[in-house]
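Please read the structure below before turning to the comments.
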Amino acid sequence: MLLSTSARSAAVAPGLGRRAASAIALKYSHALYGAASKQSPQTLNKVYADLDLVNKTIATQPKVSAFLNNPTLSASERTSALSKFFVQLDSAASKKDPISEITKNLFSVLSENGRLAEAPGVIEGFNELVAQYRGEVEIVVTTATPLAKDSLTRLETALKGSQAARNAKVVKIINKACLLGGIIVDFGDKTIDLSVQSRVTKLNSVLQRMYCCFKKSTTALTCAPESV
């Protein structure tokens, strides 16, 4: 069974996550990429297209998202629901190009290990690996509101001058608007976080340290012996 050995070891792998993808999800991503690329570049492209369809299905169909994120389902219930999910994906795909066995196997292994909720992170990690293989650099700019065209153009010019972007064959810039304020730029393995949330977190950290220092100093004064 493809992916089973690597993916099962991922179920207990330690480590911290990166972006939306957890360390566990990234283990599955690498196992999937290895299995697909080992067969052929065509298979790799096919799995990439399959997962794009999966992503769109999750985003547009709440029932699918609810199924993947439901930890109360038994193994038999997950297997039954997964079979229906595969039928749904096959019907949405081209009749001449149904969902690949590698893609189906991925979700079967995720189901067996109780990791279906990791699917979005697995897909994210896999897409990054494919982008590296193709020589692409995807730059994700996250803001509170969509950037104006001139601002996006200036940012694009600056980012394309970076070492990572200069070595890339293709540079894709995606603007996501979902912050309270500020901006976060993700490219390659680097993150520039200038968001309001980041600043608030840093401020809270400083205030917490100040409070701890103040508490220690007042405790020391209280416990100090009286001078004669």
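FYI, side chains are in, hydrogens and waters are out, and symmetry mates aren't considered; it's all heavy atoms of this structure.
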Work out which heavy atom in Ala25 is nearest to a heavy atom in Gly121; give both atom names and the distance. CB-C, 3.7 Å
Does any donor atom in the side chain of Ser40 or Thr43 lie under 3.5 Å from an acceptor atom in the other side chain? yes
side-chain contact (heavy atoms from CB on, under 4.5 Å), that's the test. Do Asn127 and Ile123 meet it? Break it down for me. CA-CA 6 Å; Asn127 287 346; Ile123 296 172; 3.7 Å; yes
A side-chain contact here means heavy atoms from C-beta on lying under 4.5 Å apart; do Val122 and Ile24 qualify? no
Please work out which of the three classes, parallel, tilted or perpendicular, describes the rings of Tyr48 and Phe126, given edges at 30° and 60°. tilted
Within the structure provided, determine whether Gln132 and Leu129 are in side-chain contact (heavy-atom separation under 4.5 Å). yes
Keeping the roles fixed (side chain from Asn113, backbone from Arg115), state whether a donor-acceptor pair exists under 3.5 Å. no
Can you check whether Lys104 reaches Asp90 side chain to side chain, under 4.5 Å on heavy atoms? yes
Between OG of Ser91 and CD1 of Ile99, what distance do you get to the nearest 0.5 Å? 9.5 Å
Return yes if some donor-acceptor pair links the side-chain N/O of Ser83 with the main-chain N/O of Thr79 below 3.5 Å, else return no. yes
Starting at OG of Ser37, measure out to NE2 of His30 and round the result to the nearest 0.5 Å. 11.5 Å
Spacing of CG belonging to Leu68 relative to CG belonging to Leu110, to within rounding of 0.5 Å: 9.0 Å
Asn69 side-chain N/O to Ser65 backbone N/O, donor-acceptor pair under 3.5 Å: yes
Under a 4.5 Å side-chain heavy-atom rule over Ile, Leu, Val, Met, Phe, Trp and Tyr, are Val87 and Phe107 clustered together? no
Report yes if the side chains of Tyr33 and Leu44 come closer than 4.5 Å at any heavy-atom pair, otherwise no. yes
Does the side chain of Glu118 come under 3.5 Å of the side chain of Ser22 through a donor N or O and an acceptor N or O? yes
Closest non-hydrogen atoms of Glu112 and Arg78, given as atom of the first, atom of the second and distance, are O-NH2, 4.2 Å
Between the side chains of Ser100 and Thr103, does any donor sit under 3.5 Å from an acceptor? yes
Considering only heavy atoms from C-beta outward, does the side chain of Thr57 approach that of Leu53 to under 4.5 Å? yes
Ala93 and Pro98 have their tightest heavy-atom pair at CB-CA, 4.5 Å
Would you give the length of the straight line joining atom CD1 of Ile102 to atom CD of Gln39, rounded to the nearest 0.5 angstrom? 4.0 Å
To the nearest 0.5 Å, what is the distance between CG (Asn70) and CG (Leu116)? 10.0 Å
For the residue pair Glu77 / Ser80, report whether a side-chain donor-acceptor contact shorter than 3.5 Å exists. no
Distance check, rounded to the nearest 0.5 Å: Gln61 atom CD versus Lys56 atom NZ? 13.0 Å
Decide yes or no for Val54 and Phe85: does some side-chain heavy atom of the first lie under 4.5 Å from some side-chain heavy atom of the second? yes
